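Notes to accompany the following structure.
The model shown is predicted, which means the values in this text are computed figures rather than measured ones.
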Amino acid sequence: MTEIFTGNFTQQEPIPEEAIEAAVAVMRSGRLHRYNTAPGEAGETALLEQDFAALTGARHALALCSGGHAISTALRAVGVQPGDRVLTNAFTLAPVPGAIAALGAEPVYVGVTEGLVIDLDDLAARADQADVLLLSHMRGHICDMDRLMAICDGAGLIVVEDCAHTMGATWDGTPSGRHGRVGCYSTQTYKHVNSGEGGFLITDDDAVAARAVILSGSYMLYDRHLAAPGPEAFEAVKYDTPNISGRMDNLRAAILRPQLRRLDAQCAAWNARYEVVEAGLRGTPGLTLIDRPAREHFVGSSIQVLLMDWSTAAIGQVLSRCKARGVELKWFGDAEPQGYTSRYDSWRYAAHPPMPGSDRILQGIVDMRLPLTFSLEDCAQVAGIIRAEVGAVWQASNPA
Ligand SMILES: *Cc1c(COP(=O)(O)O)cnc(C)c1O
């Protein structure tokens, strides 16, 4: 009898009751727009920004309508112009090159290592090709940030961090998003807090923060922000910065504030699940687990493994056998973009020469979400199924 897993890989937890009550209160007030405040009232969006700045230790925080919009706002705020080249990861998701393309700028990809992080040797070699690096902590893997910042500082590269998968994570004790000039986050349903859509950016830089607030669609109401610089910073940029609406609203902010308060506990719950799956997969023939450095405190909201140098056909068999047993795996090596996954060579608006070293790794990356609706027993069962199916395909292709 073959065991079949019946959990749903895209089912997140419900929104906490406290957050639902806060949302209902906003709806009852009718004041959903962030600048629609009663006398003396701060508004949920401004309060959320204050909470997020405190949580990350940043001087300034801005809430936005999506993670992708947070990234494009950050790139504009640090001065990226149409036609500029922006360095970014070859291994990332489509909204990352998309945010660069939104500005009429051009992505230049930096390779990926077997640790699934940006290849710092490749970065050092390309550092003179752009003024900005959009660093994607893709799937929560954080590179050696000390070395990365040394390379970027040495080359005068401004770093914008895409922390869509690292909200709550740290490198050597520093929160992800606090190494570069700007850190960007997503609060979309599949990330670490859930407002359907939404995003943040954080920065210590007054001029960048002031430009970002105006870019986000503040009109001249920027004095209603609680985590933005003082009026002088806005005086310096207000005539030269376009208003590109992409604000967050009070309804989303209201449901996010209680979620931020329990972020640490949620991250611990993800990591408990990650550990069970990782332990269940350890030692599977032909399957490589990803080494996580001691200085990286990651959030295991998904897990990746490598089926290094496996044929396309064999990986396809693993995916379909797992799927038949209820286990949904994603494959970053697929030549055809599927669902949420695509590769740098599928983003043809930003054509790039082939990267054979990265292609070899992308070809082997298999990815799985770990929603908090799975119990630890579920995670053990899922790992057992993957282990059995990888093992069966491996044995058939490598007979002793
Ligand atoms: C989800 C995601 C984004 C964009 O976030 P949205 O809120 O969906 O726009 C950016 N980068 C990565 C790596 C992501 O996974």
Any chance you could lay out the ring pair (Phe, Tyr, Trp, His ring centres under 6.0 Å) test for Tyr35 and Tyr219, step after step, and finish with the verdict? CA-CA 10 Å; Tyr35 300 120; Tyr219 304 92; 7.3 Å; no
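Looking at His225 and Arg34, their side chains do bring a donor and an acceptor atom within 3.5 Å of each other. Using modelled atom types, one finds a donor on one side chain and an acceptor on the other under 3.5 Å when comparing Asp206 with His60. In summary, the side chains of Tyr109 and Asp122 do not present any donor paired with an acceptor at a separation below 3.5 Å, with no hydrogens or angles considered. Checking Arg369 against Tyr340 by side-chain atom types alone, no donor-acceptor pair falls below 3.5 Å.
Applying the 6.0 Å contact sphere to OH of Tyr239 captures no more than 12 heavy atoms from other residues, nucleotides or ligands. For Asp131, the CG atom is loosely surrounded, since the number of other residues' heavy atoms within 6.0 Å does not exceed 12.
Ion pairing between Arg262 and Glu18 fails under the 4.0 Å rule for side-chain N and carboxylate O. In summary, Arg273 and Asp378 do not engage in a salt bridge, as defined by a charged side-chain N under 4.0 Å from a carboxylate O.
Between the side chain of Thr203 and the backbone N or O of Arg181 there is at least one donor-acceptor pair closer than 3.5 Å. In this structure, Asp119 contributes its side chain and Val112 its backbone to no donor-acceptor pair below 3.5 Å. Put simply, the side chain of Trp270 never gets that close to the backbone of Pro371: no donor and acceptor are under 3.5 Å apart. Proximity of a side-chain donor or acceptor of Asp204 to a complementary backbone N or O of Arg59 within less than 3.5 Å is detected. Judged by distance alone, with hydrogens and angles left aside, the side-chain atoms of Glu161 form a donor-acceptor pair with the main-chain N or O of Gly177 at under 3.5 Å.
Closest heavy-atom contact between Leu64 and Ser216: CD2-CB, 3.5 Å. Minimum interatomic distance between Leu116 and Ile365 (heavy atoms only, all atoms of both residues): CD2-CD1, 3.7 Å. Residue Leu260 comes nearest to Leu48 through the heavy atom pair CD1-CD1, 3.7 Å, listed as atom of the first residue, atom of the second, then distance.
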